[in-house]
Every structure is written in C-alpha cells, then in structure tokens.
Amino acid sequence: MPNKIANKQAICDVLMEAAATDKDVCVLCSDSRGSASLTPFFDKYPEQAIEVGIAEQDLVGIAAGLASCGKKPFAASPASFLTTRSYEQAKVDCAYSDTNVKLIGISGGISYGALGMSHHSAQDIAAMSAIPNMRVYLPSDRFQTAKLIRALLKDEKPAYVRVGRNAVEDIYAEDSCPFEMDKATWLKEGTDIAIVATGELVRPALDAAALLEAKGISATVLDMYCVKPLDEEAVVKAARNAKAVLTVEEHSPYGGLGARVAQTVASNCPRLVENLSLPDAPVVTGTSKEVFSYYGLDAEGIAASAEKLLGKAEQ
C-alpha cells in the first residue's frame, strides 16, 4: 500500500505525544493549522496552542518570547512565507538571541504546485543556512521526520525544518530507521558516482541508483537531511570513493545543498560536481511529481544526469 501519511502529520503525532507529559511543548500557527496537519494538536491541547492569524512576523516573534520564558515552541507556517516575511525575526529573535524556537516550514519547495512562484519556496535553504546559529533540516520520509522532531525536542537551539505538502514514498521503516543527529544516512555505497540528495528527492535518488546498477554503474546515495550543519565527513568520504558527485535538491541552483557540497568537495578532495535542482526561473505548473519529471528530478532524470556526469568524469 502506498504511504498516505505526510511528513507534517508525523510532526503532529510526535508533538502530541510529547505534549501529553511536557506542558512546555507548544505549537503556533499562522492561520495554517489545517495545512500543517496540526488541527488534532489544537483540539487536544488548546492551552498549548496559539493561532496568530496571517501574521508570520508575529508568529516567530511570539514563539521567541515563549522560548525566552522556558517554553518549547514549534512555529508552523508555509515555508514560502515563513522564510521571507519573517526573515528578520528568524535572524534576530531566534538565531541571534539563541532562543529555543523550532521553525516548521510546511508545503516547502514546489508543493503548492499551481499556486505558482508566490507560494513556492525555492530559496529557503540558502536563506536560512545563511543565518548564523540557525540549523536547516529536510527530512526525507515520515519515519525520519519523527526521529528528527524527537531529537529537536531534546535540545534548546533554534532550527528550521522544511517538509512538503503531500505524503511521500517511504524510504525507511518504523523499526529500522537509522538516525544520528547531524549525520547523513548512507543508503547505498558505490564506487562510480556519489549522489547526495535531501528532502523529498532522496527517494527518487535511491530509485535512480537502482536504475544505474542495472546498467553496471555503482552509485553511492547519501540522505543529507542535515543541510546545515552539513555532514562534511560523509561528503568527503563519498567523493573520495567516486569519480564524480551529483547533488539533488528541490531548490534554486544557488546557495543550497549543491553549493555546500561543492565547497566541501573542492576544499578536500576535488572531483567533478554537478547540481541537479529547480531552474533559476518560475517553474512550470503541475503537481510535484509532474514538475520533478519535467526538470529531470525523478528517478529516470537523476539516473540520466548521473550517467552523463560520469561520462564527463571519465573522459
């Protein structure tokens, strides 16, 4: 059966579990509790939930104020608005002030499809990564999302978590989801090409590796859910064992995972690096799967790009 549980629902499940015994856990939304799948939390724990309305700057500022009083706020809003309208609050109230605020960017990337560029967040990795003391995470499936949120509940540092709108195919299983905070997960080890992917594109990257294997091409696949801090040790190891490195992300070609991986590889073990991403332009209209297919971000497209890059590296 295809998975029907979105990563945002996994976040709600974990927060409800935590809120049952920890009254400091609280959730804030900007007229987005339904979109964030957090309505069950509001219904069960109304005294630990705050609706601020369509006011993203207030959302983050209030969350920071609660954190300074000892609360553990999770502020959820569409990623496209959370990372642009409240950028100053994320920078000053959360990161600079070192407050325990977890910012949850829902419907990230091009999840909103036909709503277009105003609702797409193809710059959030770059923007949030540029803020000192702000961590950036893009979990790849519901099980990894749950592990990440449980880990974030245990620390007191600011973080930004981006998840998509719809359910994605499972990569892991509930009883076998390897997870170490700020460490990439090795899904496959190979010797020809290293594929480093993040977020919802990890699944197609893994499927692409299977297509490459059928052609006799050995690929490493890294699930880099932690874009900042980047697991540089894993990147260097993967690059050293390969002839080229391909990064895959649902983001602009500038300032995201590709840029960070390229910097790391260039400084430690120079290899040919190519970034597979969304274009530097408004994307075409369609569902996530349709858009990914159009830009070669599905399994077939990733495999084709990897094969072409490997050919360049072997010349």
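- Within a 6.0 Å radius of CE in Met117, other residues, nucleotides and ligands contribute 12 heavy atoms or fewer.
- Proximity of a side-chain donor or acceptor of Ser68 to a complementary backbone N or O of Gly65 within less than 3.5 Å is detected.
- Remark: the backbone N or O of Val202 is not paired with any side-chain donor or acceptor of Ser140 at under 3.5 angstrom.
- In this structure the side chain of Thr287 never reaches within 4.5 angstrom of the side chain of Val291, judged on heavy atoms.
- With hydrogens and angles disregarded, a donor-acceptor distance shorter than 3.5 Å links the side chain of Gln57 to the backbone of Arg85.
- In this view, Asp298 satisfies the salt bridge (Lys or Arg N to Asp or Glu O under 4.0 Å) rule with no residue, not counting sequence neighbours.
- In this structure the side chain of Ile131 reaches within 4.5 angstrom of the side chain of Met128, judged on heavy atoms.
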Tell me which donor-acceptor pairs under 3.5 Å the side chains of residues 41-50 have, and how far apart each pair is, sequence neighbours excluded?
residue	atom	partner	partner atom	Å
Tyr45	OH	Met16	O	3.4
Gln48	NE2	Asp22	O	3.4
Gln48	NE2	Val25	O	2.8

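- Of all the heavy atoms in Leu82 and Ala75, the pair that sits closest is CD2-O, 4.3 Å.
- With sequence neighbours left out, Lys71 forms a side-chain hydrogen bond (donor to acceptor under 3.5 Å, both in side chains) with Asp24.
- Residues Cys29 and Val52 form no side-chain contact, since every pair of their non-hydrogen atoms from C-beta on lies 4.5 Å or further apart.
- Salt bridge annotation for Asp141-Arg203: absent, with no cationic side-chain nitrogen under 4.0 angstrom from a carboxylate oxygen.
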Next on the checklist: As a quick check of understanding, evaluate side-chain hydrogen bond (donor to acceptor under 3.5 Å, both in side chains) for Asp192 and Ser218, giving each step before the final call.
Outcome noted: CA-CA 5 Å; Asp192 290 322; Ser218 175; 4.8 Å; no
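- The main-chain N or O of Gly53 is never found under 3.5 Å from a side-chain atom of Asp31 such that the two would form a donor-acceptor pair.
- Using a distance-only test at 3.5 Å, with no hydrogens or angles considered, no donor-acceptor pair links the side chain of Arg165 to the main chain of Gly108.
- Sorted pairs that involve residues 279-308 and meet ring-ring contact (aromatic ring centres under 6.0 Å, His included), not counting sequence neighbours, are lacking altogether.
- Sorted by first and then second residue, the pairs that involve residues 265-290 and meet salt bridge (charged side-chain N to carboxylate O under 4.0 Å, His left out), not counting sequence neighbours, are Glu274-Lys312.
- Under the salt bridge (charged side-chain N to carboxylate O under 4.0 Å, His left out) criterion, the residue pairs touching residues 8-18 are Glu17-Arg150, with sequence neighbours excluded.
- Among all heavy-atom pairs drawn from Ala205 and Ile302, the shortest one is N-CD1, 3.8 Å.
- Distance CD/Glu232 to CG/Asn268: 7.0 Å, rounded to 0.5 Å.
- Every pair passing ring-ring contact (aromatic ring centres under 6.0 Å, His included) that includes a residue from residues 149-204 is listed here, sequence neighbours excluded: Phe179-Tyr225.
- Think of Tyr112 as one node in a network of Ile, Leu, Val, Met, Phe, Trp and Tyr side chains linked at under 4.5 Å; its network also takes in Leu115.
- For Asn275 and Thr247, the side-chain atoms include at least one donor-acceptor pair closer than 3.5 Å.
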Checklist entry - Could you walk me through whether Ile217 and Leu310 pass the side chain to side chain contact (heavy atoms under 4.5 Å, CB included) check? => result CA-CA 9 Å; Ile217 299 173; Leu310 184 59; 3.7 Å; yes
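- When each of Leu206, Thr220, Leu222, Ile195 is tested with Leu187 by the rule side-chain contact (heavy atoms from CB on, under 4.5 Å), just one qualifies, namely Leu206.
- Within the structure, the salt bridge (charged side-chain N to carboxylate O under 4.0 Å, His left out) test picks out the following pairs touching residues 245-261 (sequence neighbours left out): Arg162-Glu250.
- Counting heavy atoms from C-beta outward, Ile11 and Ser37 have side chains that stay 4.5 Å or more apart.
- Residues Pro139 and Val163 approach most closely at CG-CG1, 3.9 Å, considering heavy atoms.
- Here OG of Ser305 is found 4.5 Å from CG of Leu276. Values are rounded to the nearest 0.5 Å.
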Less than 3.5 Å apart, which donor and acceptor atoms pair up between the side chains of residues 98-107 and the rest of the protein, not counting sequence neighbours?
residue	atom	partner	partner atom	Å
Asp98	OD1	Asn133	ND2	3.0
Asp98	OD2	Lys157	NZ	3.2
Thr99	OG1	Asp93	O	2.8
Thr99	OG1	Cys94	O	3.4
Asn100	OD1	Lys102	NZ	2.3
Lys102	NZ	Leu152	O	3.3
Lys102	NZ	Asp155	O	3.4
Lys102	NZ	Asp155	OD1	3.2
Lys102	NZ	Lys157	O	3.1

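- No side-chain heavy atom of Ser277 sits less than 4.5 Å from a side-chain heavy atom of Ser252.
- Shortest non-hydrogen contact noted between Pro178 and Thr185 is O-OG1, 3.7 Å.
- Side-chain atoms of Asp223 and Gln144 form a donor-acceptor pair, as typed in the model, at a separation below 3.5 Å.
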Item to check | Audit row: Glu174, Arg142, salt bridge (charged side-chain N to carboxylate O under 4.0 Å, His left out) steps and yes/no | outcome: CA-CA 9 Å; Glu174 189 170 13; Arg142 55 180 170 145; over 6 Å; no
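- Looking at Ser77 and Ser30, their side chains do bring a donor and an acceptor atom within 3.5 Å of each other.
- The distance from atom CG of Asn166 to atom CD of Glu200, rounded to the nearest 0.5 Å, is 7.5 Å.
- Residues Leu66 and Val27 do not share a hydrophobic cluster, defined by chaining ILVMFWY side chains whose heavy atoms lie under 4.5 Å apart.
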Checklist entry - Where do Lys4 and Gln9 land on the side chain to side chain contact (heavy atoms under 4.5 Å, CB included) test, with the steps shown first? => result CA-CA 10 Å; Lys4 295 183 179 180; Gln9 185 175 332; over 6 Å; no
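- Contact annotation: the side chain of Val60 never approaches that of Ile62 to less than 4.5 Å [non-hydrogen atoms, C-beta and beyond].
- Hydrophobic cluster membership for Ile54: none, as no Ile, Leu, Val, Met, Phe, Trp or Tyr side chain comes under 4.5 Å of it.
- Using a distance-only test at 3.5 Å, with no hydrogens or angles considered, a donor-acceptor pair links the side chain of Lys228 to the main chain of Ser129.
- Annotation: ring-ring contact (aromatic ring centres under 6.0 Å, His included) contacts involving residues 71-105, sequence neighbours excluded, comprise Phe81-His119.
- Hydrophobic clustering (side-chain heavy atoms under 4.5 Å, transitive across Ile, Leu, Val, Met, Phe, Trp, Tyr) groups Met224 together with Val273.
- Follow the hydrophobic side-chain contacts under 4.5 Å out from Ile171 and you never reach Ile149; the two are in separate clusters.
- Counting heavy atoms from C-beta on, the side chains of Leu257 and His251 never come closer than 4.5 Å.
- Cluster membership for Val161 and Phe143, using ILVMFWY side-chain heavy atoms within less than 4.5 angstrom, is not shared.
- Counting heavy atoms from C-beta on, the side chains of Pro204 and Leu201 come closer than 4.5 Å.
- The minimum heavy-atom distance linking Ala242 with Ala194 is given by the pair CB-N, 3.6 Å.
- From Leu246, atom CG reaches atom CG of Leu272 across 10.0 Å, with rounding to the nearest 0.5 Å.
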